[in-house]
Structures are given as structure tokens and as C-alpha cells.
Amino acid sequence: MKWFESPLGAYLLEHEYRYFDKVVANIFGYNAIQIGLPQFCFLRLNRMPLQFSVGLEKTQPALIATADFLPIQSNSIDLAIMPHTLEFSDNPHQILREVYRILIPEGHIVISGFNPLSLWGIFRYLKANRAEYPWNGNFIALLRLKDWLKLLDFETMGGQLCCYAPPFEQEKWRQRFRFMEAAGDRWWPIGGGVYFLHAIKHMHGMRVIKPGWKKNIDSKKRIVSVTQKLN
């Protein structure tokens with residue numbers, strides 16, 4: 001995608017790699033999948049033995065499939081990341097349902113998306129020509145996405161916003177507003193142009209079975225104390 005070769009696209013990629021590198025490095029398991037943008041490896045610091053991406057680009061080493069119907073076994077994936085996948089789909093709900101299906105219980109999902117309640121969202125709204133990436137996407141509000149995940153029994157574990165500066169194509173103009181990056185989290189915490197969300201899949205009817213070591217030890221202590229009293 002040529003847009004990522006532009007100064008603005010490179011600026012976005014820098015923030016994307018920074019967050020995904022930090023989060024996926026500490027998620028363990030066996031199988032990890034990247035859904036969307038297979039030309040960029042956002043799983044590069046993850047240490048799972050099997051990693052692959054899903055997309056429609058035939059030139060990429062990826063599973064060629066659509067994100068809303070994944071040819072993947074249920075309950076088989078430990079980690080799924082979706083870099084800007086939902087806002088460029090006609091059926092984002094179905095994609096989330098598919099990801100829920102393929103994730104193991106307590107599996108992880110990490111999502112990045114464009115924030116409509118930001119300068120990026122305003123720029124998209126005012127832009128006359130929305131035919132090019134990323135302005136041709138349907139930006140999804142962060143609170144709405146959280147509601148969707150909650151309905152599917154995902155528990156939000158963390159997240160972050162970034163790209164507070166206006167989405168100027170010219171580097172010199174973005175540099176003039178660079179101060180907004182440092183001030184954004186403090187003064188405008190929901191105004192980042194891009195958000196990240198990390199959640200874990202839960203399932204109805206499941207409960208964590210804790211080891212019975214303490215219970216067994218307590219039982220043995222009670223038996224010993226009763227024996228001593230009898231003696």
C-alpha cells in the first residue's frame with residue numbers, strides 16, 4: 001500500500017510498531033495470527049512458534065482469506081492482532097465473532113484503529129476526496145468498540161492512544177505540532193488519531209480450578225491435631 005510510503009504513513013507505522021512490539025512480546029502460547037496488513041509484520045517480537053497473517057495480497061506469505069470467514073479451527077489461536085482491520089470491513093461484527101471463535105479460552109486480541117473523535121477524524125470528515133487510504137475507512141469510536149467486545153465476553157486489559165498531531169502530509173507542518181504528542185495524553189487523553197486495545201477472551205460456564213494443595217495441607221494438620229488430642 002503506497003500510502004504507508006508517504007511521510008504520514010511512515011509516521012503512523014512508527015507508532016504502530018512501537019505499541020505492537022511492546023505488547024506482543026509478553027504474550028505467550030503456540031499460535032499467533034495477524035489479520036490485515038500482511039505486508040507489515042507486527043508480530044516480529046512475539047516468540048510463539050507458529051505465526052502467520054491473513055490477507056488478500058497474493059504476493060505476501062500469508063493465508064489468503066477474508067477476515068470475516070476464517071478457515072481456521074475453533075479454539076486454536078493464542079493471539080490475534082488486527083491492525084486497522086475493522087474500519088475497512090463491511091461487517092466488523094462478523095470479524096470479531098470469527099476472532100472470538102478461533103481464540104482459545106483466555107486468548108488475546110490486540111486491535112488498532114483510527115479514532116473518529118480526533119483531528120484525524122475531523123480531517124476525514126472535511127476531506128473532499130475520501131477515495132484514498134485511510135480516509136476511505138469507516139472509523140469506529142473507541143467506546144463503541146469496547147461495547148462490541150464486552151458483548152462477546154472479551155475483557156479489556158489495556159490500551160493506548162497516539163498520533164495527537166494533525167495528519168499533515170508535509171513533515172515540516174507535523175513537526176510544528178510535535179508538542180501535541182507529549183501533551184496529548186495529559187490534556188486530551190481521548191483525542192489521539194489512533195487507538196490500541198488489548199483484550200482477553202472469556203467463556204460462559206468456565207471457572208478457574210485452583211490447586212488443592214492448601215486444602216490438603218490444612219486437612220492433614222487437622223488430622224494430626226486430632227490424633228495428638230486422642231493420644
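These numbers come from a predicted model, not from an experiment. Throughout, residue positions are numbered sequentially from 1 according to the sequence presented. Computed from heavy atoms alone, side chains included, the values below leave out hydrogens, waters and symmetry copies.
Here CZ of Arg144 is found 9.0 Å from CG of Asp147. Values are rounded to the nearest 0.5 Å. With rounding to the nearest 0.5 Å, the separation of OG in Ser89 from CD in Gln94 is 9.0 Å. If you take CD on Gln34 and CZ on Phe40, they are separated by 9.5 Å, rounding to the nearest 0.5 Å. Interatomic distance, OG of Ser112 versus CE of Met82, reported as 9.0 Å (0.5 Å rounding). Rounding to the nearest 0.5 Å gives a distance of 5.5 Å between CG of Leu70 and CD1 of Ile33. Taken to the nearest 0.5 Å, the CG atom of Leu96 stands 6.0 Å off from the CG atom of Leu152.
Counting heavy atoms from C-beta on, the side chains of Glu16 and Val194 come closer than 4.5 Å. Contact annotation: the side chain of Phe196 never approaches that of Val110 to less than 4.5 Å [non-hydrogen atoms, C-beta and beyond]. Here the side chains of Leu142 and Ile190 are not in contact, with every heavy-atom distance at 4.5 Å or above. Within the 4.5 Å cutoff, the side chain of Trp148 has no heavy atoms near those of the Phe154 side chain. With contacts defined as side-chain heavy-atom distances shorter than 4.5 Å, the pair Leu63/Pro71 qualifies.
Listed here is the closest heavy atom pair of Pro92 and Ile140: CB-CD1, 4.3 Å. Between Gly55 and Pro38, the closest heavy-atom pair is CA-CG, 4.2 Å. Scanning all heavy atoms of the two residues, the minimum distance from Tyr164 to Leu119 falls at O-CD1, 3.7 Å. Closest approach of Leu43 and Gln51 over heavy atoms only: O-OE1, 3.3 Å. Ile64 and Leu56 get closest at one heavy-atom pair: CG2-CA, 4.5 Å. Considering every non-hydrogen atom in both Trp3 and Ser6, the closest pair reads O-OG, 2.5 Å.
Put simply, the side chain of Thr156 never gets that close to the backbone of Ala199: no donor and acceptor are under 3.5 Å apart. At distances below 3.5 Å, at least one donor-acceptor pair connects side-chain atoms of Asp78 with backbone N or O atoms of Asn31. The main-chain N or O of Leu149 is never found under 3.5 Å from a side-chain atom of Glu155 such that the two would form a donor-acceptor pair. A distance-only check finds no donor-acceptor pair linking the side chain of Arg47 to the backbone of Phe28 [under 3.5 Å].
With respect to Arg124 and Glu87, no salt bridge is recorded, no charged nitrogen being found less than 4.0 Å from a carboxylate O. Salt bridge present: Arg101 and Glu98 bring a charged side-chain N and a carboxylate O closer than 4.0 Å.
Legend: residues meeting side-chain hydrogen bond (donor to acceptor under 3.5 Å, both in side chains) with His198, ordered by chain and number and at least two apart, are His108. Every residue meeting the side-chain contact (heavy atoms from CB on, under 4.5 Å) condition with Leu117, not counting sequence neighbours, appears here in chain and number order: Asn115.
The aromatic ring centres of Tyr133 and Phe4 sit less than 6.0 Å apart. Ring pair His84/Phe88: centre-to-centre distance not below 6.0 Å.
A cation-pi contact links Lys201 to Tyr100, judged by a cut-off of 6.0 Å to the six-membered ring centre and 45° from its axis. Both tests do not hold together for Arg44 against Phe20: distance to the six-membered ring centre under 6.0 Å, angle to the ring axis within 45°.
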Practice problem: Output, in order, the C-alpha distance, side-chain angles, deciding distance and verdict of side chain to side chain contact (heavy atoms under 4.5 Å, CB included) for Ile95 and Leu86. | Solution: CA-CA 7 Å; Ile95 293 177; Leu86 298 177; 3.8 Å; yes
Quiz item: After noting the C-alpha distance and the side-chain angles of Ser76 and Ile104, does the key distance pass the side chain to side chain contact (heavy atoms under 4.5 Å, CB included) rule?
Solution: CA-CA 6 Å; Ser76 62; Ile104 66 169; 5.5 Å; no
Quiz item: Yes or no on side chain to side chain contact (heavy atoms under 4.5 Å, CB included) for Phe168 and Phe123, after CA distance, side-chain angles and deciding distance?
Solution: CA-CA 9 Å; Phe168 294 124; Phe123 186 85; 5.8 Å; no
Exercise. Take Glu132 and Lys127, measure what salt bridge (Lys or Arg N to Asp or Glu O under 4.0 Å) needs, and give me the verdict at the end.
Key: CA-CA 10 Å; Glu132 60 182 16; Lys127 193 173 178 62; 3.5 Å; yes
Practice problem: Output, in order, the C-alpha distance, side-chain angles, deciding distance and verdict of side chain to side chain contact (heavy atoms under 4.5 Å, CB included) for Leu37 and Thr85. | Solution: CA-CA 8 Å; Leu37 298 181; Thr85 305; over 6 Å; no
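Cluster membership check: Val99 shares its hydrophobic cluster with Leu50, using side-chain heavy-atom separations under 4.5 Å among Ile, Leu, Val, Met, Phe, Trp and Tyr. Note: the hydrophobic cluster containing Met48 also contains Val24 (ILVMFWY, side chain heavy atoms under 4.5 Å, direct or indirect links). Placement of Met157 and Leu145 in two distinct hydrophobic clusters is found when ILVMFWY residues are connected by side-chain heavy-atom separations under 4.5 Å, directly or transitively. Residues Tyr19 and Tyr17 share a hydrophobic cluster, clusters being chains of Ile/Leu/Val/Met/Phe/Trp/Tyr side chains in contact below 4.5 Å. At a threshold of 4.5 Å between side-chain heavy atoms, the hydrophobic network of Ile, Leu, Val, Met, Phe, Trp and Tyr places Leu13 and Val23 in one connected group.
Relative orientation of the Tyr11 and His15 rings is perpendicular, given thresholds of 30° and 60° on the angle between their planes. Ring orientation note: the planes of Trp120 and Phe114 are close to parallel, at an angle under 30° on the 30°/60° scale.
Donor-acceptor pairing under 3.5 Å is recorded for the side chains of Asp68 and Thr66.
By the 6.0 Å contact criterion, OH on Tyr30 is open, its count of non-hydrogen atoms from other residues, nucleotides or ligands being 12 or less.
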